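The structure appears right after this line, and notes come after that.
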Amino acid sequence: MSLALRKTLGVARLSMRTASFQAVPTNAGKTPPTLEQFDPLNPGEWQLGAGGKILPRLPEGTKVGNLVMGKYGLYDPVLKKRVDTYANALLEGKKSEEAGPFDVAVSKIAKVLSYICFIIAIYNLISLVVGKPLPPLSHVKAPGS
């Protein structure tokens, strides 16, 4: 790499580091209220952002990455859909494990696994009472005998 190219790239990097970025745009030239004047329970056209900065409120439905602006702030649409599913199921009188198809499948798998564990526990108890292995393990000899 030539010396001139290194100097040019170095100046470009330096200018990018020292570039000043403009502040967050406000609502049509209005200035945000001070922290003492800001009421988080009734924010109006302003909202509290990261780092305690007072930012202009985004219109409802605005996408910010994976999140969407709602009436009360940013929310995850996938999580909101799950919450709505649970809320509707509870209003219909269903159990929480029967709220959606995914929840029904998970609860069925958990019930099957718990029944299998219960059957194995009963088999082990009977095997202890009898004092020797039961079929299908009757042909297996205990270690050390």
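Keep in mind it's a predicted model, so treat the numbers as computed, not measured.
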For residues 96-112, dump all side-chain donor-acceptor pairs below 3.5 Å to protein atoms at least two apart in sequence or in another chain.
residue: D103; atom: OD1; partner: Y86; partner atom: OH; Å: 3.0
residue: D103; atom: OD2; partner: Y86; partner atom: OH; Å: 3.4
residue: D103; atom: OD2; partner: G100; partner atom: N; Å: 3.3
residue: S107; atom: OG; partner: D103; partner atom: O; Å: 3.3
residue: S107; atom: OG; partner: V104; partner atom: O; Å: 2.9

Checklist entry - What pair of heavy atoms forms the shortest contact from F38 to I54, and how long is it? => result CB-CD1, 3.7 Å

Checklist entry - Once you round to the nearest 0.5 Å, how far does CG of N66 lie from CG of L79? => result 12.5 Å

Next on the checklist: If hydrophobic residues (ILVMFWY) are linked whenever their side-chain heavy atoms come closer than 4.5 Å, directly or via other members, who joins I119 in its cluster?
Outcome noted: none

Checklist entry - With side chains defined as the heavy atoms from C-beta onward, is the minimum distance between Y75 and L67 less than 4.5 Å? => result no

Checklist entry - Do the side chains of V64 and L74 get nearer than 4.5 Å, heavy atoms only? => result yes

Hey, can you pull the donor-acceptor pairs under 3.5 Å for the side chains in residues 122-133, sequence neighbours left out?
residue: Y123; atom: OH; partner: L134; partner atom: O; Å: 2.8
residue: Y123; atom: OH; partner: P135; partner atom: O; Å: 3.4
residue: N124; atom: ND2; partner: I120; partner atom: O; Å: 3.4

Item to check | Distance in Å, W46 CH2 paired with T31 OG1, rounded so as to fall on 0.5 Å steps | outcome: 7.0 Å

Next on the checklist: Taking atom CG as the centre, does D39 end up with more than 12 heavy-atom neighbours from other residues, nucleotides or ligands that are less than 6.0 angstrom away?
Outcome noted: yes

Checklist entry - Is any side-chain N of the basic residue among K80 and D76 closer than 4.0 Å to the acidic one's carboxylate O? => result no

Checklist entry - Do the non-hydrogen side-chain atoms of R57 and M69 ever get within less than 4.5 Å of each other? => result yes

Checklist entry - To the nearest 0.5 Å, how far apart are CG in L90 and NZ in K95? => result 12.5 Å

Next on the checklist: As an exercise, state the distance from CG of L58 to NZ of K63, rounded to the nearest 0.5 Å.
Outcome noted: 14.0 Å

